[in-house]
Amino acid sequence: MVEITHPLYQEDIRNILSIKGIELLQNKSFLITGGTGMVGTMLIDALLSLEGVRIIAVGRDRQKIKERWLQLPGFSFLEHDVCNPFSEKLKVDYILPMASNTHPMAYSQYPIETIMVNIKGCEHALNLADKTGATVVMTSTNEVYGNAINNEDFYENSNGVLNLCNARSCYNESKRTCEAMCQSYKEEHGTKVKIARLCRIFGPTMLMSDSKASSQFIKKALAGEDIILKSEGNQYFSYTYVADAVIGLLIVLLNGEYGVPYNVSSNKTNIRLKDFAQICAEACNRKVIFDLPSDAENKGYSLAQRAILNNDRIKAIGFQPKYEMHDAILRTIKILNNE
């Protein structure tokens, strides 16, 4: 568990709370699903630092809720499966449906569950917003774009090459459906909905069960072991340190237009997979080893070789990424090592 008192983590929280207009969220209420995930954890830590904020965290297992939240004023836990409708008695200002499987082994082992959690979770969030007047902030993903064509960057109106011929599509296609639902609810019901497309996220709030390559690199660095790379590592992706991702998400919440998707990415942290691995290896004085993935791992891995998200649109509404890649990786390791 990340220590909220760690100086670098506290600096991350202060950076989040320094964004222009953050005071407008004081005394607001939030319903958040997936609050124990990488982005959700830091988001809740930041929001609970604001005066008068009320958060309802939704989950199926109370044990996963961080102990540091349960005793804080303004925080409550709702034991609920997001595949079921919410009670209309829930009255909040903002709904963030963030519950999802978000790493390769989960896609490989539970493709049906991945689809249903995404789609049903989004549907019930939109229905609750319809009944209560809340605003939905939908967390989508770079995965909706597929694989780049001719090495082009992804703008919000881009489409790459998509592949439906494997179970790995459970994640990207269900997220695409969620975005279509958001647009449909906005058009047919006038639902207030905003969309943030998060790129690949890393940082100290990662789950130790996370099987994404970046998380595996960081875990190996924490253990002082060689970094295992399950490919040649030439994949070129947009990554974002988790604090920058939370900043971007809140910028969309505060300043984004309804129904308009925004890429949450940073030019400072675009990197090839092998270079990400190398930074982690150097941090613990080890080396990068290339290895073939298992069948289960291979089924869950993205086929994309390039996914760079243009962030001009979100920068136009006030997003200014703060973290450089080398610093972000090292601060992740220091926070998790409690250095």
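Just the heavy atoms: all of them, side chains too, but no hydrogens, waters or symmetry mates, feed the values below.
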So, applying side-chain contact (heavy atoms from CB on, under 4.5 Å) with Glu11, which one of Lys322, Arg331, His6 is it? Arg331

Under 3.5 Å, side chain of Asn263 to main-chain N/O of Ser265, donor-acceptor pair present? no

Using a 4.5 Å cut-off on heavy atoms from C-beta on, say whether the side chain of Tyr110 contacts that of Asn101. yes

Less than 4.5 Å apart, any side-chain heavy atom of Lys120 and any of Val82? no

Rounded to the nearest 0.5 Å, the CZ atom of Arg197 sits from the OG1 atom of Thr141 at a distance of 10.0 Å

Of Glu123, Lys186, Met138, Arg176, the one forming a side-chain contact (heavy atoms from CB on, under 4.5 Å) with Met181 is Glu123

Cluster question for you: counting only ILVMFWY and a side-chain heavy-atom cut-off of under 4.5 Å, with indirect links fine, are Leu198 and Leu47 together? yes

Count the heavy atoms belonging to other residues, nucleotides or ligands that lie under 6.0 Å from CD of Glu257, then report whether that count exceeds 12. no

Look only at the side chain of Lys192 and the backbone of Tyr258, and say whether a donor-acceptor pair between them is shorter than 3.5 Å. no

Do Leu309 and Tyr145 come within less than 4.5 Å of each other through their side chains, counting heavy atoms only? yes

Residues Asn311 and Asn267: side-chain donor-acceptor under 3.5 angstrom: yes

Hydrophobic clustering (ILVMFWY, side-chain heavy atoms < 4.5 Å, transitive) - are Val252 and Tyr155 grouped together? no

Where do Ala245 and Ile201 come nearest, in terms of heavy atoms and distance? CB-CD1, 3.6 Å

Assess the residue pair Lys268 and Asp244 against the criterion (salt bridge (charged side-chain N to carboxylate O under 4.0 Å, His left out)); give the C-alpha distance rounded to whole Å, side-chain angles, the decisive distance to 0.1 Å, and a yes or no. CA-CA 11 Å; Lys268 299 178 180 181; Asp244 264 342; over 6 Å; no

Worked check of side-chain contact (heavy atoms from CB on, under 4.5 Å) between Val246 and Val39: CA-CA 6 Å; Val246 172; Val39 176; 4.0 Å; yes

Residues Cys83, Val117; criterion side-chain contact (heavy atoms from CB on, under 4.5 Å); working and verdict: CA-CA 6 Å; Cys83 289; Val117 166; 4.2 Å; yes

NZ (Lys315) and OH (Tyr262) are apart, to the nearest 0.5 Å, by 15.0 Å

Of all heavy-atom pairs linking Ile95 and Ala129, the shortest is CD1-N, 3.8 Å

To the nearest 0.5 Å, tell me how far Leu50 CG sits from Ile22 CD1. 5.0 Å

Any side-chain heavy atom of Ser238 sitting closer than 4.5 Å to one from Arg200? no

Using atom types as modelled and distance alone, determine if a side-chain donor or acceptor of Ser87 lies under 3.5 Å from a backbone N or O of Lys89. yes

Within a reach of under 6.0 Å around CD of Gln320, are more than 12 heavy atoms found that belong to other residues, nucleotides or ligands? no

Would a single hydrophobic cluster contain both Leu31 and Val53, if residues Ile, Leu, Val, Met, Phe, Trp and Tyr are joined by side-chain heavy-atom contacts under 4.5 Å? no

So CG of Leu126 and SG of Cys182: to nearest 0.5 Å the spacing works out to 5.0 Å

Among the clusters formed by ILVMFWY side chains lying less than 4.5 Å apart, do Phe154 and Val264 turn up in the same one? no

Quick check on Lys91: does its NZ atom have over 12 non-hydrogen neighbours (other residues, nucleotides or ligands) under 6.0 Å away? yes

Write down the atom of Ile308, the atom of Phe237, and the distance for their closest heavy-atom approach. CD1-C, 3.5 Å

For Ile314 and Gly248 the tightest heavy-atom approach is CD1-O, 3.7 Å

For Val144 against Lys175, the heavy-atom pair lying closest together: CG1-CB, 4.0 Å

Distance col, row Ser215:OG vs Met38:CE, nearest 0.5 angstrom, shows 4.5 Å

If hydrophobic clusters are built from ILVMFWY residues whose side chains come within less than 4.5 Å, do Leu24 and Ile13 share one? yes

Carboxylate-amine/guanidinium contact Asp210 Lys219, below 4.0 Å: no

Quick one: do the Asp12 and Tyr241 side chains pair a donor with an acceptor below 3.5 Å? yes

Would you say the side chain of Tyr239 lies within less than 4.5 Å of the side chain of Asn270, judging by non-hydrogen atoms? no

Are Val288 and Asp226 side-chain neighbours, meaning at least one heavy-atom pair lies under 4.5 Å? no

Please test Asp45 against Arg68 for salt bridge (charged side-chain N to carboxylate O under 4.0 Å, His left out), starting from the C-alpha separation and ending with a verdict. CA-CA 9 Å; Asp45 281 341; Arg68 63 174 177 261; 2.8 Å; yes

Let me see the working for Asn127 and Tyr185 under side-chain hydrogen bond (donor to acceptor under 3.5 Å, both in side chains), right down to the final yes or no. CA-CA 9 Å; Asn127 284 335; Tyr185 270 75; 2.8 Å; yes

Applying side-chain contact (heavy atoms from CB on, under 4.5 Å) to Tyr94 and Leu96, what does each step give before you reach the verdict? CA-CA 7 Å; Tyr94 297 99; Leu96 288 89; 4.2 Å; yes

Where the side chain of Glu79 meets the backbone of Val58, is there a donor-acceptor pair that is under 3.5 Å apart? no

d(Ser140 OG, Ile195 CD1) to nearest 0.5 Å is 7.0 Å

Check: Glu152 main-chain N/O paired with Asn150 side-chain donor or acceptor under 3.5 Å: no

Would a 4.5 Å heavy-atom cut-off, applied to side chains only, mark Asn15 and Tyr323 as touching? yes

May I ask you to check whether Phe276 and Phe202 place their ring centres under 6.0 Å from each other? yes

If you compare all heavy atoms of Asn118 against all heavy atoms of Ser174, which two are closest, and at what distance to 0.1 Å? ND2-OG, 2.9 Å

Is a side-chain N or O of Lys230 found less than 3.5 angstrom from the main chain of Asp291, in a donor-acceptor match? no

Is a side-chain donor-acceptor pair under 3.5 Å present for Thr177 with Glu173? no

Could you go through Ser231 and Phe290, starting from their C-alpha distance and side-chain angles, then the distance that decides it, and tell me whether this counts as side-chain contact (heavy atoms from CB on, under 4.5 Å)? CA-CA 7 Å; Ser231 68; Phe290 295 84; over 6 Å; no

Does any non-hydrogen side-chain atom of Arg54 lie less than 4.5 Å from one of Val92? yes

